[in-house]
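Only this structure's heavy atoms are used, side chains among them; waters, hydrogens and symmetry mates stay out. Protein chains get the first letters and strands the later ones, always in sequence-line order, with residue 1 at the start of each.
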Amino acid sequence: MISENPFAEFRLECQNSLGDALQKLFPEIQIARLALEKPPNPEFGQLASSLCFELAKQVSEKPPALAKRLIETLDRSKFSLIERVVAAGKGYVNFHANLALFSALTIDSVRHFDTEYGFIKTAKSLKIIVEHTSVNPLHPIHIGQARNPMLGDAIARLLKSRGHNVYRHYYVDDVGRQSAVLAYGYEKLGKPKPEGKPDHFMGKIYTITSCLVEINRLKKDLERAKTASSTEEITEINRELDDLMSAVSELNVRFPELFEELLEKIRGDKDPENAVNELNRGYEAGDEKAKQIIRKVSELCLQGFRNTLSRAEVFYDSWDWESELMWSSQVRKALDKLKRTAYVFPIGGVLEFNAEKVAQEFGLKKKLGLRESYEVPSLTLVRSDGTTLYPTRDIAYALWKFEKAEKVINVIGMEQKLPQLQLKIALHALGYDNYADNLIHFAYNLVSLPGHKMSSRTGRYITFDEVMDEAVKRAYEEVSKRSPQLPEEEKHKIADFVGMGAVRYALVEVDPSKPVVFTWDRVLNFETNSAPYIQYSHARACSILRKAAREPEKPAFNLLKEKIEREIIMTLASFPDTFVEAAELLKPNLIADFANALADKFNTFYNAVPVIKAKPQELSDARLALVDAVKMVLRNTLNLIGIVAPERM
RNA sequence: GGGCCCGUAGCCUAGUCUGGAUUAAGGCGCUGGCCUUCGGAGCCGGAGACCGGGGGUUCAAAUCCCCUCGGGCCCGCCA
């Protein structure tokens, strides 16, 4: 017998028999669903019902007595995976599985489905776009932003394994002032060939240029404020100026040559602020010169990103350029349509979208999880100079995505909750209720450095590349220490997937809604509760199978009587449930946890009992089959979070 | 001023959506063992939290509701 979800078979049997007994005993009572829990201790069986506590009130009978009566009513002739049912505690009904049968079912099933084990397919397969990463092409991807591709990619893998058609999109946000800032600096330098990794090179130019242009602007603002003698404004500007000045002096120390050169060139410009704005306007209008230079710097950054992300095994199906959306008039069309609704109004030269009014008139607040008293801020759609803003373009982008997919998941930091909310409301205003309902903002919390947050504008960040390099370097040291006899090439190969695995695991493991303070030992953990630990467990399992060099011909699963063996079997059996939950709730961290727990149990097993040399042969065979099943499930979990499952390491 | 997220042992984290069992689960660090029949990136044990605080709902609360404190984020003609 095999099953794609062994534990579900057992659960169903328990539910049915309990349901039947309940029906027999109390035909008049309706219980909506018979939820069963996993007991805290295997002594209490594998599944338990606390139904009697609820029932006790309705039938005025004590829970323990009720439990006893229910159990007596159970139809034992229908038991297959159930071995026995006992009343326990203050009124629990505990179901104990027939472990011999259940072990056989589980191990056979895992080995039968192999690479597909656990990946229960959805009843309704959808076309889903997962937009993730989308780091602005201005500077290298830093470690705070790296949480995004790690989560986004894991989500895409989960949904794909669930049977959906998943498209991974990268939104190249090349429209906007910052791109113009970078292009401006790059042009001033005479469009040099990048030294080193192109995104890192661009990052330096961007940060220095941005700070210098900004300081220039603030100084002018300061003069203006002084003549207007607005003290509040003056202190505010001075505060910002101080911050930038200290950032600038840091940059001067870090990149002296580039800094001097840019300082010199920008100084020669009367109004850098205006030059940047002109470039920005030109780009939006599709001006060739602006296009050429901004495209160039964006492409250079993306070249670096592709390199970085492919190292981490993250790939995309589509790179969507914001500029193309704009030039193709899709932004204009979406805007025109929105203008025709009753929710767009001009004020002070700009065009505003009244999200609050839409939320009220469409009765959206409850649905969107907002309090009735909360007033949704309005959204500026068009600047007074006629150019659009990011959220405006994002509306067009959402419409474009929904032409291609039924569901859209945007992996975006939670600091963008408001614009994402406004986007949803705008879709409602346009009459696309269906789109709005199928738009998911997958929000994750910030990664900060101890003491301050990362800032690309001031250059205070740790790049994803640095982190990967360091992790791989550390992994190499470990490999060299543990397996000095390996050839260099092999050592490097291992160091690569171990280091990368450690980084991926560290970023996926934590609940996305929790804020994370970046520390090196968070990602450089190679011990228990890390990717290397799980990878090692997998390699160990492979090693046993290799050494055994035989198929388990006659496994006697009823001989797997050790407590740890049963725990492993229950864990293997529950993997499909964990997978479904992780895929439905978009929680890749559940997979990471599961993998670690399984590896943990496997190592305990490994140390406790022999496999190859176990006697009799039927027991050895059963254990071999168990090891094989563990290996497969570990590999499946690692694949889900994009980590290599090695045969050796 | 308003809104959202987070708050679990010295540190990091799981569990919170869907409330359940006398022992709240792991890791790091501290500490005592296993100097290893299949790879020690390992295993076994010990000390350490009453789940930020207070109220409430319930037979039952880390979990649900209200209040409160602490940390972060957002409320821009930036993205």
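- With sequence neighbours left out, the ring pair (Phe, Tyr, Trp, His ring centres under 6.0 Å) criterion links A:Tyr476 to A:His492.
- Near RNA chain B, meaning a heavy atom under 4.0 Å away, the residues from residues 41-50 of chain A are A:Asn41, A:Phe44, A:Ala48, A:Ser50.
- Listed by first then second residue, pairs satisfying side chain to side chain donor-acceptor pair (under 3.5 Å) with a partner in residues 604-614 of chain A number zero, not counting sequence neighbours.
- Within the structure, the salt bridge (charged side-chain N to carboxylate O under 4.0 Å, His left out) test picks out the following pairs touching residues 53-64 of chain A (sequence neighbours left out): A:Glu61-A:Arg69.
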The contact string for nucleotides 45-50 of chain B, one letter per nucleotide 5' to 3', using protein heavy atoms under 4.0 Å with B, S and - for base, sugar-phosphate only and none, comes out as ------
Using nucleotides 2-11 of chain B, report all nitrogen or oxygen pairs with the protein that are shorter than 3.5 Å.
{"from": "B:rC4", "atom 1": "O2'", "to": "A:Lys417", "atom 2": "NZ", "distance (Å)": "3.4"}
{"from": "B:rC5", "atom 1": "O2'", "to": "A:Asn445", "atom 2": "ND2", "distance (Å)": "3.4"}
{"from": "B:rC5", "atom 1": "O2'", "to": "A:Ser513", "atom 2": "O", "distance (Å)": "3.0"}
{"from": "B:rG7", "atom 1": "OP1", "to": "A:Lys514", "atom 2": "NZ", "distance (Å)": "2.5"}

Between N or O atoms, less than 3.5 Å apart, protein on one side and nucleotides 59-65 of chain B on the other: list the pairs.
none

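- Sorted by first and then second residue, the salt bridge (charged side-chain N to carboxylate O under 4.0 Å, His left out) pairs involving residues 524-538 of chain A (not counting sequence neighbours) form an empty list.
- The list of salt bridge (charged side-chain N to carboxylate O under 4.0 Å, His left out) pairs with a residue in residues 497-518 of chain A, not counting sequence neighbours, reads A:Asp153-A:Arg504.
- Residues satisfying the ring pair (Phe, Tyr, Trp, His ring centres under 6.0 Å) test with A:Phe575, not counting sequence neighbours, are A:Phe594.
- A:Phe95 pairs by the ring pair (Phe, Tyr, Trp, His ring centres under 6.0 Å) definition with nothing, not counting sequence neighbours.
- Sorted by first then second residue, the salt bridge (charged side-chain N to carboxylate O under 4.0 Å, His left out) pairs that include residues 475-484 of chain A, not counting sequence neighbours, are A:Glu478-A:Lys481, A:Glu478-A:Arg482.
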